[in-house]
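Below is one structure, written out as C-alpha cells; the observations come after it.
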Amino acid sequence: MLDFLGDLQRTHMCGALRASDAGKPAVLMGWVNRRRDLGNLIFIDIRDRSGITQVVCNKETNAGLHEKAGELRNEFVIAVLGTVKLRDPNTVNKNIPTGEIELVADELRILNEAKQPPFLPGDSVLPNEELRLQYRYIDLRRETMQRNIELRHKVSIAIRQYLASHNFFEIETPFMTRSTPEGARDYLVPSRVQQGAFYALPQSPQLFKQILMISGFDRYFQIVRCFRDEDLRADRQPEFTQIDLEMSYPQPERVWEVVEGFLSAAFKAAGYEIKPPFPRMSYDDAIRLYGSDKPDLRLPPITDVRDAFTGENLQTLGVSESLPVVAIRIPKVGELSRKERDDLKPLFISKGSAKLFEDFKRIEKSFPEAAAKVREKSGAALDDLILIVAGDGKPGQHKSEGGVKPEVKQHDHAVHTSAGLMRVAMGQRFAAKHGAFAAGDFRFLWVTDFPMFEWDEDGKRWAAAHHPFTSPHERDMEKLQSHPGAVRALAYDVVLNGTELGSGSIRIHRQDIQKKIFSALGMTEAEARSRFGFFLEALEYGTPPHGGIALGLDRIVMILAGADSLREVIPFPKTARAVDLMVDAPTPVSEAQLKELGIQVKNGAK
RNA sequence: GGGGACGUAGUUCAGUUGGUUAGAACGCUGCCCUGUCACGGCAGAGGCCGCGGGUUCGAGUCCCGUCGUCCCCGCCA
C-alpha cells in the first residue's frame with residue numbers, strides 16, 4: 001500500500017545530519033539504499049544525492065512502523081519522520097559523514113515501490129556498460145555518477161561566472177543552420193516547408209561568433225552543444241559541449257590569458273589550484289620532442305639518437321640512414337621479461353614506414369658503443385625502459401610519410417609520430433610503475449604556430465589545417481602562393497596531459513586576405529561565394545580584428561573526474577555506433593513523416 | 001572502411017584435452033535473529049551458454065557467419 005506525499009516537507013537532505021542535530025525532529029526523503037533486518041530491529045540506509053543516513057525501526061517501540069519497514073525493498077522511495085539520535089560510541093560508523101547519528105523513525109511513508117533493478121546503485125562491482133547505458137537512470141544514481149555530474153555543473157558555473165565578470169556576453173546562436181561542407185560531416189535536418197532542403201546542426205558556431213564580432217558585441221561566449229557526424233572514440237561523442245568564445249582586437253596572448261583565467265576558476269571549483277601562465281611550445285617542437293601535437297608533459301620527451309649510430313649499424317638493423325632514429329624513454333619501468341617485451345609489439349602503430357625495436361638489450365649486445373650513446377643522449381637511468389623507433393631502410397619507401405608533402409617534412413613525421421604514439425601507449429601500460437600519472441598532476445601546454453595547410457593526399461590538394469578563416473602569420477603572407485606548406489597559422493591549441501582541450505586562432509578580418517586563402521586552397525571565387533557568401537559579404541562591412549577559441553567542456557570534466565571516457569561525465573551519452581541505448585535512437589520514422597518531408601529511404605531500416 | 005578484445009543465472013565471473021546433472025559470489029524469495037552498517041544463519045527459486053549455421057556419436061568449449069558492447073587506426077576544417 002503506497003502513501004501520498006501530502007503536505008509533508010523534507011527538512012534535511014540525507015547527507016546533512018550531524019551530531020549537532022541530535023534531539024531534533026527531521027523528515028528525510030529518498031531511496032532505500034540497503035535494509036538490514038535483524039528481526040525486531042530494522043536498519044534502513046536512506047539515500048539521496050547528498051549521501052546516506054541510517055534509519056532505525058524498533059518493533060518494541062513502534063510495532064506498526066516496524067512491520068511496514070519489513071515491506072521495504074531496494075530502491076523504494078520513502079519518507080521518514082523521526083528524531084535525530086546520537087549513536088552509542090561503539091556503534092558509530094566512521095565511513096560516512098552522518099555516521100555519528102541515526103534517525104529513529106516515528107513514521108514511515110512508502111512513496112513508491114521499485115521493481116528489482118538489473119543492478120543496484122550501491123554495488124561495488126560495475127555491470128557492463130551496455131546495461132549501464134540502457135538503465136542510465138539507475139546508473140546515474142551511483143555515487144560516482146552523481147559526483148561527476150555535480151562536478152560538471154560546478155565547472156560550467158565557474159566558467160560562466162568568470163567570463164561574465166570579464167565582460168563576455170553569453171549569446172545564443174542557431175542550432176538549425178546551414179551546411180558548409182569541408183571538415184566534419186554534418187548532421188542534417190530536413191525542411192518540411194522547403195522539401196529537398198536541409199538545415200545542418202552546427203559543428204561549432206564558428207561563423208556566427210565571428211559575425212557577432214562584426215556586429216560589435218566585442219566579447220562573446222557560449223557553453224554550447226556542437227554536433228559532428230564522425231566515428232566515436234572514448235574522448236569523442238557525436239554531440240558534445242564546447243566553451244566557445246570570441247573577442248575583438250586580441251593578440252593570441254590575450255585569448256590565452258582568458259582561457260588560463262577561466263580554467264583556473266574551473267579547477268578551483270573542483271578543488272585544484274593551477275598556476276598560469278601555461279608553458280608554450282611550437283607545433284614543430286611538439287612533433288620533434290613528443291611526436292605529437294598534443295604532448296603529454298608528464299613523461300620525458302623522445303630523443304633523436306641518429307648520431308649515436310654509424311651508417312653501418314643502421315644498415316645491419318635494416319633501417320634508413322636518412323630518416324631520424326629516436327629513443328623513447330619511460331622512467332622506472334625496470335627489467336622486462338621476454339614475454340612482456342613481446343606484448344609491446346602489438347601496441348606499436350606505424351605511421352608510414354616507421355619500425356620499432358622493442359628490445360634495447362639486443363641493440364646493447366650488438367652495438368654497445370651506440371647503445372651507450374643512446375643512454376647518455378636520452379638521459380636514461382638503468383631502470384628506464386628504452387625503445388628505439390626508426391624509419392624502414394627499404395629503398396623508395398619514404399617519400400611522403402603520413403601524407404606530409406616533402407616541403408613541410410622537416411621532422412620526418414612518420415618516425416616521430418609513431419614514436420609519439422608508442423610513448424603514450426607505454427606511459428599508460430606502465431603507469432603503475434613510473435608513477436608519473438598521479439591524480440591532480442595537471443600539465444597544461446599551449447601548442448602554437450601550426451602549419452596553415454596540410455597536404456591532402458587523396459584530394460591532391462592543400463587543405464586548411466585548422467579552418468579556412470584562420471589568419472596566417474603576418475610575416476608568412478607572401479608564401480601563400482609560393483610555399484603554402486611553410487605558412488604558419490596564428491592558431492593555437494591548449495593541451496592538458498596529452499589531451500587536446502581546445503583549439504583556436506586569430507581570424508582573418510580582411511576580405512583580401514580571405515580571398516588569397518581560398519585561392520591557396522584551390523577554391524574558385526564562385527565556389528567560395530556559394531559556400532560562404534553571406535560571411536564574405538559580412539567581412540566587407542567593417543570587420544574588426546578578432547580571434548577566439550573553443551574548449552571541450554566534456555573533456556575538461558573527464559580529466560577532473562579522473563575518468564577515462566566522456567561517457568562518465570555526460571548524463572546520456574551514445575555508444576561507439578552513435579546509439580542512445582536508453583531511448584533507442586536513432587529509429588526509422590513513419591512513411592507519413594517521410595512523405596511530408598519529401599524523403600525516400602533507399603535501404604529501409606531494420 | 002580496417003584491426004583487436006569481450007558476450008555463460010537478475011549482476012559479476014569460473015567452466016580443464018569436446019563427454020553425461022553448467023558452478024561460485026552478490027542480488028532475489030521464504031523462515032530465524034535487538035546494534036547492524038558489504039549484518040549474520042537456514043532453506044529455496046533462477047540458464048535459448050548473444051543469435052544462425054557447420055564439424056562431431058556428442059559443442060558453453062572447435063570452425064564459419066551474424067548481432068551487440070568496448071578499445072584503436074582511418075576519419076574528426
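Because the structure is predicted, anything quoted here is derived from the model rather than measured. Protein chains get the first letters and strands the later ones, always in sequence-line order, with residue 1 at the start of each.
What separates CD of A/Glu102 from P of B/rU36 is a distance of 11 Å, to the nearest Å. Counting to the nearest Å, the C1' atom of B/rC33 and the CD atom of A/Glu60 are 14 Å from each other. Atom CZ in A/Phe348 sits about 18 Å away from atom P in B/rC72, given to the nearest Å. Across the protein-nucleic acid pair, A/Leu421 atom CG and B/rC71 atom C1' stand 14 Å apart, rounded to whole Å. To the nearest angstrom, P of B/rU12 lies 12 Å from CG of A/Asp139. Per the geometry, CG belonging to A/Leu38 stands 11 Å off P belonging to B/rC33, to the nearest Å. Atoms CD (A/Gln203) and P (B/rC75) sit 16 Å apart, rounded to a whole Å. Summarising the geometry, the separation between CG on A/Leu126 and P on B/rA25 is reported as 22 Å, rounded to the nearest angstrom.
Mapping A/Asp235 and A/Pro118 onto RNA chain B by nearest heavy atom places A/Pro118 closer to the 5' end of the strand. Where A/Arg35 and A/Glu230 each meet RNA chain B at their nearest nucleotide, the meeting point lying more 5' is that of A/Arg35.
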Identify all pairs in which a protein N or O lies below 3.5 Å from an N or O of nucleotides 26-28 of chain B, and state each distance.
from: B/rG27; atom 1: O2'; to: A/Gln116; atom 2: NE2; distance (Å): 3.2
from: B/rC28; atom 1: OP1; to: A/Asn74; atom 2: ND2; distance (Å): 2.8

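Closest to the A/Pro127 side chain, of the nucleotides B/rC71, B/rC37, B/rU11, is B/rU11. Closest to the side chain of A/Leu41, out of B/rC71, B/rU34, B/rG74, is B/rU34. Across B/rC73, B/rU69, B/rU11, the shortest atom-to-atom separation from the side chain of A/Leu131 is found for B/rU11. Listed candidates were B/rA38, B/rU69, B/rC72. Nearest to the side chain of A/Glu129 is B/rU69. Out of B/rG35, B/rG74, B/rU69, the shortest distance to the side chain of A/Arg233 is found at B/rG74. The A/Arg228 side chain lies nearest to B/rC76 when the options are B/rC76, B/rU36, B/rC72. With distances taken from any side-chain atom of A/Arg567 to the nucleotides B/rC70, B/rU36, B/rC75, the minimum falls on B/rC70.
Nucleotide B/rG68: paired with B/rC6 (Watson-Crick or G-U wobble, both distances less than 3.5 Å). Judged by Watson-Crick or G-U wobble contacts below 3.5 Å, the nucleotide B/rC33 has no partner. With a cut-off of 3.5 Å on both Watson-Crick or G-U wobble distances, the partner of B/rC76 is given as none. Using N1 to N3 plus N6-O4 or O6-N4 for Watson-Crick, or N1-O2 and O6-N3 for G-U wobble, each under 3.5 Å, B/rU55 pairs with nothing. Remark: B/rU61 base-pairs with no nucleotide in the shown strands. Criterion, Watson-Crick or G-U wobble with two distances under 3.5 Å. The partner of B/rU17 is absent, by the rule that a Watson-Crick or G-U pair needs both atom distances under 3.5 Å. Nucleotide B/rG46 forms no Watson-Crick or G-U wobble pair with any nucleotide shown, as no partner meets the under 3.5 Å limit on both distances.
At a cut-off of 3.5 Å, with distance as the only test, no side-chain donor of A/Gln116 or A/Asn74 sits close to an acceptor on the other residue. Side-chain contact of A/Gln54 with A/Arg36: a donor-acceptor pair under 3.5 Å is present, judged by distance alone. Counting only N and O atoms by type, the side chains of A/Asp449 and A/His473 include a donor and acceptor under 3.5 Å apart. In this model, a donor atom of one side chain and an acceptor atom of the other lie less than 3.5 Å apart for A/Asp48 and A/Ser50. Donor-acceptor pairing under 3.5 Å is recorded for the side chains of A/Gln222 and A/Thr173.
Here the two rings, on A/Phe227 and A/Phe240, have centers that are 6.0 Å apart or farther.
Between A/Arg36 and the phosphate of B/rG35, there is no side-chain N or O to OP1/OP2 separation shorter than 4.0 Å. Distances shorter than 4.0 Å separate none of the side-chain N or O atoms of A/Ser124 from OP1 or OP2 on B/rA38. Between B/rC71 and A/Arg236, no contact under 4.0 Å exists linking OP1 or OP2 to a side-chain N or O. Distances shorter than 4.0 Å separate some side-chain N or O of A/Arg577 from OP1 or OP2 on B/rU69. Between B/rU34 and A/Asn40, a contact under 4.0 Å exists linking OP1 or OP2 to a side-chain N or O.
At distances below 3.5 Å, not a single donor-acceptor pair connects side-chain atoms of A/Arg73 with backbone N or O atoms of A/Ala114. The backbone N or O of A/Gln146 sits nowhere less than 3.5 Å from a side-chain atom of A/Arg49 that would complete a donor-acceptor pair.
With its ring centre under 5.5 Å from that of the base six-membered ring and a plane angle below 30°, A/Phe43 counts as stacked on B/rU36.
Counting any heavy atom pair closer than 4.0 Å across all strands shown, A/Lys85 reaches a base atom. Nucleic acid contact for A/Thr91: base, since at least one base atom lies under 4.0 Å from a heavy atom of the residue. Within 4.0 Å (heavy atoms only), A/Asp231 reaches at least one base atom of the nucleic acid. At a threshold of 4.0 angstrom between heavy atoms, the contacts of A/Glu75 with the nucleic acid are absent. Residue contacts shown for A/Asp229 are absent, as no nucleic acid heavy atom lies under 4.0 Å away.
Counting non-hydrogen atoms of other residues, nucleotides and ligands closer than 6.0 Å to CZ of A/Arg87 gives a total above 12.
Side chain A/Arg132 to base B/rU11: no donor-acceptor pair is found below 3.5 Å. Between the side chain of A/Arg87 and the base of B/rC37, at least one donor-acceptor pair of N or O atoms lies under 3.5 Å.
Here the straight-line distance linking atom CE of A/Met13 with atom CD1 of A/Ile46 works out to 10.5 Å at 0.5 Å rounding.
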